[in-house]
Amino acid sequence: MKKMICIVCPVGCHLEIDEHHNVSGNRCARGKTYAIEEYVNPLRLLTTTVKTSHPKLPRLSVKTNAPIPKKLLFSVLDELNHIVIQHDVKVGDVILSNVKNTSVDVIATKNIHFELK
Amino acid sequence: MNFDIVIIGGGAAGLAAALQCKDKKVSALLIERDQSLGGILNQCIHNGFGLEVFDEELTGPEYAARYSHSFLNSSLDYMLDTTVVDIIKNEHFIIKAMNTKNGLFDIHAKAVILSSGCYERTRGAIHIPGERPMGIMPAGSAQRYLNIDGYMVGKRIFILGSGDIGLIMARRMTLEGAKVLGVAEIMPYSNGLTRNIVQCLNDFDIPLYLSHTITNIEGHHKLKAITIQKVDSLYQPIEGTEKRFVVDTLLLSVGLIPDVQMFDSLKFHMSPTTKSALVNQHYETSIEGLFVCGNALHVHDLVDYVTIESARAGLCAVQYIKDKNKPSKNEQFVNINENIRYVVPQKIDFNRLDDQIEFLFRSTLKAERALIKVMQGNQVIKEKKVKYVAPAEMEKISVSKNEFINHEPITMILEVLQI
């Protein structure tokens, strides 16, 4: 049995789901779908930053281009911690592809431009 | 330097207002104090922006990048790294600005748009008792240190206030390896979106202490511990409910205040509720030619609403410059009932009615079903049913020009409907 609050709409139903995927507390069908998805394999979009060698912009903001399993969040962050951006990047550029074999990419959400010396 | 319009602040509001000033007959300048455009959006790296304006979910920096891109391609004038220190109104406006290249200098303008956003309430504003060590800061400041500058402000964190910034920072600090011990909220409910409670707190088992506040802070030099206590219905701490947390950082998410009061020389009429200017439907203050929009006018839930409002304000400023023969004003205040906390605009100028006026307002209560009524005298000129009204969610209603029956003041009424 797991309890959760539905976030599909502003009502915020308090849901309960058991191991046979019986959902209670939902006022509509969307709540049931939400509860089952959250119970079986909750997905989250990850937004974070990676390091750069830019003298004025030390961080580049990034996101996964699709939601990834919640349980992978911290291992993806570990991988991103090893990256240092040293070249120009545009919004949407892939920073890390097929992260943890999810076929999801981590992409830049900001432009960064290195001045020529 | 002479311009028709000077826009102060290059965040979401300033950029949207400035883009409306792309007019061959109008000269405009945008002044931004940071080194880049985009304002606070740049540090809001989470997603959820843009659903209304772009019909897709963007992160803050992506939303900012789209507007900065349009702005930089527009050949509008701008100054970065420049701070406005005062504005004086004689016949025209004299803007006292400052930067490291030119020192202090004057800019002359016929109209000014304040799009300077808001600032965060600090510890001093809420009178938390105890010692005064380092390690206590507003959540938005910590957000900037982390997401822009790359500094972690602490490892063991407590958060006071359950507004969305506090919740977002609880998740952000956790993802970066800090331990967030809890969030305390003095009200019996959270002011944040349910989605943020679920995905920022529940996802990481961070406890939310409702009806709790901080009653002691320990630490001579650095923060050592805080104590929270449950409060009664009058918000007074209840003895025997103390909980002590050993932390090195306390983040405050206790409210935002429009950043317009620094312009001391400008004495415009203020609203005690929004803590900013009273404006008419053209976002014009009691000072002719001075416009305010975005979070500098009132704190919005969504950046999309800031963009829409500010674009309108920009257009009104352009119109103000172009209109050579302006009719005198006939301004009437908008009255509200006790279920409405505030409405913007607060005034209607009946001598210059546009096709439509959009009113944004906040309720004082939560209701599943409610009715919004706009009255003139005893007559209802517009009504609209709404669902799930809450103080944290802005509501809107539009009234078109031909719906007004006369030039008498209007009253907005929010009625709770029984289910």
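In the text below, chain A, chain B and the rest are named by the order of the sequence lines, each starting its count at 1. Computed over heavy atoms, backbone and side chain alike; hydrogens, waters and symmetry mates excluded. Keep in mind that what you see is a predicted model, and the values were worked out from it rather than measured.
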Student: Which bit of Leu146(B) comes within less than 4.5 Å of chain A, counting heavy atoms only: side chain, backbone, both or neither?
Tutor: backbone
Student: Select one option (side chain, backbone, both, neither) describing which atoms of Leu60(A) are under 4.5 Å from chain B's heavy atoms.
Tutor: neither
Student: Ring centroids only, cut at 6.0 angstrom: are Tyr342(B) and His298(B) within range, meaning strictly under it?
Tutor: yes
Student: Between Lys366(B) and Tyr189(B), is NZ or CZ placed under 6.0 angstrom from the six-membered ring centre and within 45° of the ring axis?
Tutor: yes
Student: Given a strict heavy-atom distance threshold of 4.5 Å, which part of Asn47(B) is in contact with chain A: side chain, backbone, both, or neither?
Tutor: both
Student: Does the pair Arg44(A)/Glu38(A) count as a salt bridge with the N-to-O cut at 4.0 Å?
Tutor: yes
Student: Answer with yes or no whether the side chains of Asp81(B) and Asn99(B) bring together a donor and an acceptor at under 3.5 Å.
Tutor: no
Student: Against chain A, label Phe204(B) side chain, backbone, both or neither, depending on which of its atoms sit under 4.5 Å from a heavy atom there.
Tutor: side chain
Student: For Arg27(A), is there an ion pair with Glu368(B) - N to carboxylate O distance below 4.0 angstrom?
Tutor: yes
Student: Pick from Val91(A), Asn111(A), Leu45(A), Thr48(A): which one has the most heavy-atom pairs with chain B under 4.5 Å?
Tutor: Thr48(A)
Student: Distance check, rounded to the nearest 0.5 Å: Leu167(B) atom CG versus Leu201(B) atom CG?
Tutor: 5.0 Å
Student: Measure distances from Val11(A) to the heavy atoms of chain B and classify the residue's part below 4.5 Å as side chain, backbone, both or neither.
Tutor: both
Student: Contact part of Lys56(A) toward chain B, heavy-atom cut-off under 4.5 Å: side chain, backbone, both or neither?
Tutor: side chain
Student: Go through the atoms of Asn42(B) and report whether side chain, backbone, both or neither lie under 4.5 Å from a heavy atom of chain A.
Tutor: neither
Student: Between Leu57(A), Ile7(A), Ile5(A), which shows the greatest number of heavy-atom pairs under 4.5 Å with chain B?
Tutor: Ile7(A)
Student: Taking side chain as everything from C-beta outward and backbone as N, CA, C, O, which of these in Arg172(B) sits under 4.5 Å from a heavy atom of chain A? Side chain, backbone, both or neither.
Tutor: side chain
Student: Is the distance from the ring center of Tyr63(B) to that of Phe54(B) below 6.0 Å?
Tutor: yes
Student: Need one label for Ser68(B): side chain, backbone, both or neither, based on atoms under 4.5 Å from any heavy atom in chain A.
Tutor: neither
Student: Taking side chain as everything from C-beta outward and backbone as N, CA, C, O, which of these in Gln43(B) sits under 4.5 Å from a heavy atom of chain A? Side chain, backbone, both or neither.
Tutor: neither
Student: Rounded to the nearest 0.5 Å, how far does CD1 of Ile45(B) lie from NZ of Lys63(A)?
Tutor: 12.0 Å
